[in-house]
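None of these values were measured; they are calculated from a predicted model.
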Amino acid sequence: MTTASPTSVDSTPIPDGTDPGGGVLGGRYRALTLGIVSVVLVIAFEATAVNTAMPTAARQLNGLGLYAFAFSGYFTTTLFALVVSGQWCDRRGPLRPLFTGIAVFGAGLVVAGTAPGMWVFVAGRAIQGLGGGLVIVALYVVVGRAYPERLRPSVFAAFSSAWVLPSIVGPLVSGAVTQHLGWRWVFLAVPVLILLPLAVMGPALARSEREHPVLRGADFDRRRTLLAAMAAVGAGLLQYAGQRRDLVGLLPGIAGAALLVPAVLGLLPKRTLRAGRGLPTVILLRGVAAGAFFAAEAFIPLMMTTERDFSPTLAGLTLTSGGLSWALGSWLQGRPGAERYRGAMIRGGFVLTAVAIAGAALVLIPAVPSWTASVAWGVGGVGMGLTVASVSVLMMRLSAPEDAGANSAALQMSDALGNVLLTGLAGVLFAALGGGSLAAAHEGAGDGGSPAAFAVILLVMASVAVLGALLSGRVRARA
């Protein structure tokens with residue numbers, strides 16, 4: 001690992017008692033920690049609340065046929081913004097990309113909330129994706145630059161904890177607002193919440209920038225920026241082709257793959273797709289974990305409504321246990337003495353995730369009680385908390401300070417690609433196995449579900465999690 005330069009944060013652990021800032025909520029770090037956790041809290045609430053309001057928004061805008069593009073538009077622009085943010089952070093520090101991202105994210109919410117039609121709504125979601133991509137990479141770089149190594153696991157645990165409250169109250173609040181005030185207020189209310197983290201962390205982040213100035217680097221790498229654009233467009237074309245599933249969709253599918261594959265090879269660290277030891281495997285495992293877990297999670301509420309006759313709200317609450325236990329798993333990996341077991345925690349997290357996804361499939365057996373899915377997802381949350389936070393800690397440790405932005409962007413890109421590709425695969429399997437049309441299901445037409453389709457999706461994603469467990473032994477390079 002490259003030695004830190006005098007202008008970068010020293011990654012050497014600081015012995016307890018010698019750091020004047022104390023813990024993450026000590027005097028030195030309190031405002032910064034509260035600020036960045038507030039940013040995560042706003043993003044988490046947006047994710048849970050907006051997803052609840054999305055079907056109503058699409059119906060009222062007469063755009064249910066474009067429903068999936070409201071999600072893909074977000075993730076495709078995120079892919080581009082991740083790379084831009086990584087380069088921006090490495091050359092100018094995280095302050096500007098972070099605050100720019102927050103502003104763009106809020107603007108996207110306003111555009112979506114005031115949209116007169118579905119295409120404008122999709123454009124608003126795409127603007128949100130740009131802002132979200134800028135923000136998440138900048139937050140990781142802030143953690144790497146402003147906190148000593150011994151505190152980083154606690155910060156990542158706080159990130160996970162910030163999802164607990166939104167995962168519980170988000171669907172309920174969003175559902176009530178959508179029903180009584182209208183779906184637009186779900187989008188328009190969130191930008192107001194952005195003002196809090198801006199006010200709290202602004203001075204602390206500016207102080208951190210002064211204490212750890214960034215040497216002016218070279219101009220933006222045009223090649224990486226072009227590759228990021230290729231990845232975004234390629235992912236969008238693949239999703240469009242997967243939605244069509246006909247001969248007409250074959251051409252955009254081929255074009256999407258032709259753009260995406262070389263872009264991914266150029267953007268991710270070398271040997272990532274071959275699970276090279278050390279950082280390449282760490283980056284790869286982030287996408288494997290996120291893709292398997294969230295692809296399965298996307299279909300569990302639909303499974304509960306079609307196979308167990310749950311209401312949409314109750315089906316969504318089935319996943320609440322995962323948000324709570326995710327924070328528990330992340331907290332466990334940050335305990336004193338856990339560092340020596342980092343690789344084992346990643347492997348154990350993947351095993352728990354695989355067990356959870358397979359356990360949720362048991363609900364398809366009529367004799368199995370419905371609450372089994374909630375219990376299973378609680379187990380999966382622990383596994384994801386252990387895995388995702390540990391992978392983030394290892395990425396920071398294996399990154400030279402001048403590469404923290406690029407590697408943080410690669411980690412988030414792996415996450416986004418895992419979500420896009422595995423969720424897309426799940427959608428193709430669902431349709432091919434007679435699962436019915438999601439659009440028809442939202443409109444009340446068609447059965448919207450098939451036990452065999454759900455079973456195959458969940459077992460495939462459980463197998464992907466098992467693959468992650470097998471690869472986890474490669475997170476440490478040979479001596």
Under 3.5 Å donor-acceptor, S85 side chain and V137 backbone: no

Minimum-distance pair of heavy atoms, taken over all atoms of R224 and Q87: CB-NE2, 3.6 Å

Flag for R342-S390: side-chain donor and acceptor within less than 3.5 Å: yes

Set of side-chain hydrogen bond (donor to acceptor under 3.5 Å, both in side chains) partners for T353, sequence neighbours left out: none

Within-4.5 Å side-chain heavy-atom neighbours: V388 and S330: no

Single hit among W326, F293, F294 for ring-ring contact (aromatic ring centres under 6.0 Å, His included) with W377: F293

Check: S321 side chain, G378 main-chain N or O, donor-acceptor pair, under 3.5 Å: yes

Note, L41 side chain near P166 side chain (heavy atom, < 4.5 Å): yes

Result of checking V351, L386, L394 against I346 for side-chain contact (heavy atoms from CB on, under 4.5 Å): L394

Which residues share a salt bridge (Lys or Arg N to Asp or Glu O under 4.0 Å) with R184, sequence neighbours left out: none

Qualifying residues under side chain to side chain contact (heavy atoms under 4.5 Å, CB included), relative to V104, sequence neighbours excluded: T100, I127, L130

Separation of L279 CG from L284 CG (nearest 0.5 Å): 11.0 Å

